[in-house]
Amino acid sequence: FVAVASAAAFAVSELADWAVYSFTGRSLSQRILYSSALGAPIDSGVFLAGIGLFSATGVAAMTLSKMAGALLVWWIVRRREAVVG
């Protein structure tokens, strides 16, 4: 059931990511940030609900940890965009 919850969370959050990347028309760095801000809480919520442990605190903790990684990637990509110009 954990694998099913993980797969469901992945599928739903990837759909949100796809929508952000396909329809926003923003720079790559902005799409990374928007996609993570939308997808991370969706992924966390669906996964926790799927394993029967949904809580706002759990979703917040998982989202914050994922956003920390996303912010690092955003910063690196943004720097490269500034150099390329």
Side-chain angles (χ1 to χ4, degrees):
F1 75 95
V2 172
V4 171
S6 181
F10 177 79
V12 173
S13 67
E14 284 300 310
L15 182 61
D17 286 345
W18 171 80
V20 168
Y21 278 90
S22 297
F23 300 116
T24 61
R26 302 288 184 162
S27 67
L28 178 59
S29 62
Q30 288 177 332
R31 287 183 284 166
I32 288 168
L33 206 54
Y34 294 161
S35 170
S36 297
L38 180 63
I42 291 171
D43 179 72
S44 301
V46 170
F47 176 74
L48 289 173
I51 62 170
L53 295 174
F54 182 86
S55 71
T57 303
V59 171
M62 290 176 71
T63 299
L64 288 173
S65 66
K66 292 173 187 176
M67 287 304 296
L71 285 170
L72 177 61
V73 173
W74 167 80
W75 180 75
I76 291 167
V77 171
R78 179 128 166 107
R79 284 181 44 140
R80 289 185 181 168
E81 287 173 345
V83 170
V84 174

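These numbers come from a predicted model, not from an experiment.
- Clustering ILVMFWY residues whenever any of their side-chain heavy atoms sit less than 4.5 angstrom apart, transitively, puts M67 in a cluster other than the one holding Y34.
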Tabulate below the donor-acceptor pairs under 3.5 Å that side-chain atoms of residues 46-64 make, not counting sequence neighbours, or state none.
| unit_1 | atom_1 | unit_2 | atom_2 | d |
| --- | --- | --- | --- | --- |
| S55 | OG | G58 | N | 2.9 |
| T63 | OG1 | V59 | O | 2.7 |

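- Among residue pairs with one or both ends in residues 65-85, those qualifying as side chain to side chain donor-acceptor pair (under 3.5 Å) are S29-E81, D43-K66, S44-K66; sequence neighbours excluded.
- For F23, the ring pair (Phe, Tyr, Trp, His ring centres under 6.0 Å) partners at least two apart in sequence or on another chain are W18.
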Residues 2-12 side chain polar contacts: donor-acceptor under 3.5 Å, at least two apart:
none

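- With hydrophobic clusters built from ILVMFWY side chains whose heavy atoms lie under 4.5 angstrom apart, L28 shares a cluster with V73.
- Sorted pairs that involve residues 9-36 and meet salt bridge (charged side-chain N to carboxylate O under 4.0 Å, His left out), not counting sequence neighbours, are lacking altogether.
- Residues V77 and Y21 fall within the same hydrophobic cluster, defined by Ile, Leu, Val, Met, Phe, Trp and Tyr side chains chained together at heavy-atom separations under 4.5 Å.
- A16 and L38 get closest at one heavy-atom pair: CB-CD2, 3.8 Å.
- Applying the salt bridge (charged side-chain N to carboxylate O under 4.0 Å, His left out) test to pairs two or more places apart or on separate chains, none has a residue in residues 46-57.
- The heavy-atom pair separating S36 from P41 by the smallest distance is O-CD, 3.9 Å.
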